[in-house]
Engineer: 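Starting off with a structure, shown below.
Numbering starts at 1 and runs along the sequence shown.
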Amino acid sequence: MIRKKSVFYLSVISFTLVLLSSCTSSREIFNRIATGLPPFSRQVWNVDPRNGNARSSSGLELGFGFEWWVTDTVLLQTDKQISAYPKFPDYLAKALRKFPEIVVDSIYFYNLSRKLLFAEYHQAKPLKPTAEISLHDESIPAYSKEYARIFGDIDTHIENSGWENGPQGSVYSNVRYSKKDRQFVLLQRISYKGRNIAVFHICTTIPKKGKWWEEYPYCIFWRTDFGNTDNIDFITYYLHDARTVAVENLQLSQKNE
């Protein structure tokens with residue numbers, strides 16, 4: 001009996017050593033799980049050189065807004081790519097946790113140039129939007145009351161009922177701001193081919209301390225201080241420009257219904 005147990009334990013140890021030494025992806029997956037970052041989807045994404053949209057191996061098409069540069073095609077979509085930067089999985093996980101009302105089931109990709117994370121989600125509980133974007137009313141800005149509390153009053157009218165099940169034929173927007181991190185995350189939700197798609201705009205002021213250039217991908221931080229009211233014009237411009245991401249994906253969803 002003792003010999004059988006010894007053989008069993010040796011087998012387990014040998015298997016573990018082989019797994020850790022020969023399967024780098026296992027360590028990368030463990031690092032992601034440890035930070036709480038949701039899994040990546042099995043879809044493979046590429047940027048279409050004709051229009052700059054991201055296309056998946058399953059046929060989904062997602063856009064980055066009307067000012068997208070087609071030449072920038074970096075889409076991080078695997079554990080290996082994300083884990084190349086020690087603190088990056090935790091950075092993304094913390095940004096997603098700003099919205100506990102929704103649960104990210106799988107991440108499609110993170111776009112380095114625009115600082116956008118695309119994912120598929122389901123609701124843990126209803127999240128009332130603070131702004132709604134449709135193709136029929138171009139005057140509605142993608143602002144939210146959470147951010148308005150810091151920089152001033154922005155009034156957006158949302159109906160008191162009918163929003164509980166998520167967006168249908170429009171895009172729901174919410175913004176949440178972290179004073180500690182000087183970070184705001186704009187969440188845009190859209191229904192697309194029966195899927196609940198979430199787009200996270202993750203905008204963070206460059207840290208004052210630490211060798212961030214070694215721990216994170218190049219250019220994910222902003223030099224703009226998002227906690228300074230003197231920068232409200234820039235922030236307003238960014239939030240308004242972010243509407244183009246919502247509008248383009250709403251158009252794609254309706255075109256491909």
Engineer: Is there a side chain to side chain contact (heavy atoms under 4.5 Å, CB included) between Val245 and Val199 once you walk through the steps?
Structural biologist: CA-CA 9 Å; Val245 179; Val199 186; 4.2 Å; yes
Engineer: Please test Thr205 against Asn228 for side chain to side chain contact (heavy atoms under 4.5 Å, CB included), starting from the C-alpha separation and ending with a verdict.
Structural biologist: CA-CA 10 Å; Thr205 300; Asn228 189 339; over 6 Å; no
Engineer: Does any non-hydrogen side-chain atom of Val104 lie less than 4.5 Å from one of Leu117?
Structural biologist: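 The answer is no, as the side chains (C-beta and beyond) never meet within the 4.5 Å cut-off.
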Engineer: Where is the tightest heavy-atom contact between Gly63 and Leu252, given as atom of each residue plus distance?
Structural biologist: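 Reported closest heavy-atom pair: N-CD1, 3.6 Å.
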Engineer: What's the verdict on side chain to side chain donor-acceptor pair (under 3.5 Å) for Thr130 and Tyr172, showing C-alpha distance, side-chain angles and the deciding distance?
Structural biologist: CA-CA 8 Å; Thr130 45; Tyr172 284 175; over 6 Å; no
Engineer: Check whether the ring centres of Trp222 and Phe184 lie less than 6.0 Å apart, and answer yes or no.
Structural biologist: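 No - the distance between ring centres of Trp222 and Phe184 does not fall below the 6.0 Å cut-off.
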Engineer: Could you check whether any side-chain N or O of Asn174 sits under 3.5 Å from a backbone N or O of Lys128, counting only pairs where one atom can act as donor and the other as acceptor?
Structural biologist: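 Present.
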Engineer: Could you pull out the closest heavy-atom pair between Leu62 and Ile197, with the gap in Å?
Structural biologist: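 Nearest pair, atom of Leu62 first, then Ile197: CD2-CG2, 4.4 Å.
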Engineer: Pairing donors with acceptors under 3.5 angstrom, does anything connect the side chains of Ser106 and Tyr121?
Structural biologist: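 Side chains of Ser106 and Tyr121: no pair found under 3.5 Å.
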Engineer: Using the rule that two of Ile, Leu, Val, Met, Phe, Trp, Tyr join whenever any of their side-chain heavy atoms come within less than 4.5 Å, decide whether Leu112 and Val44 are in one cluster.
Structural biologist: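 Result: no, two separate clusters.
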Engineer: Assert yes or no for the condition that the ring centre distance of Phe118 to Phe64 is strictly below 6.0 Å.
Structural biologist: yes
Engineer: If I take atom SG from residue Cys219 and atom CD1 from residue Ile206, how far apart are they, to the nearest 0.5 angstrom?
Structural biologist: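 Cys219 atom SG to Ile206 atom CD1 measures 9.5 Å (nearest 0.5 Å).
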Engineer: Between Lys193 and Leu60, is any pair of side-chain heavy atoms under 4.5 Å apart?
Structural biologist: yes
Engineer: Tell me if a side-chain donor or acceptor on Gln43 pairs with a main-chain N or O of Ser41 at a distance below 3.5 Å.
Structural biologist: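 Checking the backbone N and O of Ser41 against the side chain of Gln43, no donor-acceptor pair under 3.5 Å is found.
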Engineer: Can you tell if the side chain of Ile107 reaches within under 4.5 Å of the side chain of Leu37, non-hydrogen atoms only?
Structural biologist: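 Sidechains of Leu37 and Ile107: in contact.
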Engineer: What's the shortest heavy-atom distance between Gly65 and Thr244, and which atoms?
Structural biologist: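 That closest heavy-atom pairing would be CA-OG1, 3.5 Å.
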Engineer: State, to 0.1 Å, how close Ile202 and Ala95 come at their nearest heavy-atom pair, and which atoms those are.
Structural biologist: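 Result for this residue pair: CD1-CB, 3.7 Å.
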Engineer: Donor-acceptor pair, Lys115 side chain versus Phe200 backbone, under 3.5 Å?
Structural biologist: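 Checking the backbone N and O of Phe200 against the side chain of Lys115, no donor-acceptor pair under 3.5 Å is found.
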Engineer: Using side-chain heavy atoms (C-beta onward) and a distance below 4.5 Å, is Leu186 in contact with Ser173?
Structural biologist: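 Yes, side chains in contact.
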Engineer: Phe40 and Tyr110: aromatic ring centres closer than 6.0 Å?
Structural biologist: no
Engineer: Please find the pair of heavy atoms, one from Pro129 and one from Arg189, that lie closest to each other, and give the distance.
Structural biologist: N-NH2, 4.1 Å
Engineer: Given 3.5 Å as the limit, does a donor-acceptor pair link the side chain of Asn111 with the main chain of Arg114, or not?
Structural biologist: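 Answer holds: yes.
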Engineer: Quick check: Tyr108 with Trp45 (ring centres under 6.0 Å apart)?
Structural biologist: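 Yes; Tyr108 has its ring centre under 6.0 Å from that of Trp45.
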Engineer: Does a side-chain heavy-atom distance below 4.5 Å link Leu96 with Pro38?
Structural biologist: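 They are in side-chain contact.
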Engineer: Return the CD to CD1 distance between Glu120 and Ile102, rounded to the nearest 0.5 Å.
Structural biologist: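 It comes to 11.5 Å.
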Engineer: Going by atom types alone, do His122 and Asn196 pair a side-chain donor with an acceptor below 3.5 Å?
Structural biologist: no
Engineer: Might you point out which heavy atoms bring Arg243 and Ile133 nearest each other, and give the distance in Å?
Structural biologist: NH2-CG2, 3.7 Å
Engineer: Do Tyr85 and Ile220 have side-chain heavy atoms sitting under 4.5 Å apart?
Structural biologist: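 No; the side chains remain at least 4.5 Å from each other.
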Engineer: State whether the side chain of Ser178 and the backbone N or O of Arg182 hold a donor-acceptor pair below 3.5 Å, judged by distance alone.
Structural biologist: no
Engineer: Please lay out, stage by stage, how Val103 and Gln123 fare under the test side chain to side chain contact (heavy atoms under 4.5 Å, CB included).
Structural biologist: CA-CA 6 Å; Val103 177; Gln123 291 191 137; over 6 Å; no
Engineer: Could you check whether Lys98 and Gln183, counting side-chain N and O atoms only, form a donor-acceptor pair closer than 3.5 Å?
Structural biologist: yes
Engineer: Could you give me the CA-CA distance, side-chain angles and deciding distance for Glu101 and Arg176, then say whether salt bridge (Lys or Arg N to Asp or Glu O under 4.0 Å) is met?
Structural biologist: CA-CA 12 Å; Glu101 299 90 343; Arg176 296 210 172 143; 2.9 Å; yes
Engineer: Centres of the Phe226 and Tyr177 rings: under 6.0 Å?
Structural biologist: no
Engineer: As a quick check of understanding, evaluate salt bridge (Lys or Arg N to Asp or Glu O under 4.0 Å) for Glu61 and Arg55, giving each step before the final call.
Structural biologist: CA-CA 5 Å; Glu61 181 180 3; Arg55 293 181 179 273; 3.3 Å; yes
Engineer: Could you check whether any side-chain heavy atom of Leu75 comes within less than 4.5 Å of a side-chain heavy atom of Gln81, counting everything from C-beta outward?
Structural biologist: no
Engineer: Rounded at 0.5 Å granularity, tell me how far CG in Leu92 sits from CZ in Arg97.
Structural biologist: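 Nearest 0.5 Å value for the CG-CZ distance: 10.5 Å.
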Engineer: Side chain to side chain contact (heavy atoms under 4.5 Å, CB included) for Tyr192 and Asn249? Distances and angles first, verdict last.
Structural biologist: CA-CA 9 Å; Tyr192 186 0; Asn249 283 294; 5.6 Å; no
Engineer: What distance do Ser83 atom OG and Phe88 atom CZ have between them, rounded to the nearest 0.5 Å?
Structural biologist: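 Taking OG in Ser83 and CZ in Phe88, the distance rounds to 10.5 Å.
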Engineer: Quick check for you: to the nearest 0.5 Å, what is the distance between Asn46 atom CG and Gln77 atom CD?
Structural biologist: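 If I round to the nearest 0.5 Å, the distance is 6.5 Å.
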Engineer: How long is the gap from NZ on Lys255 to CG on Leu250, to the nearest 0.5 Å?
Structural biologist: 12.5 Å
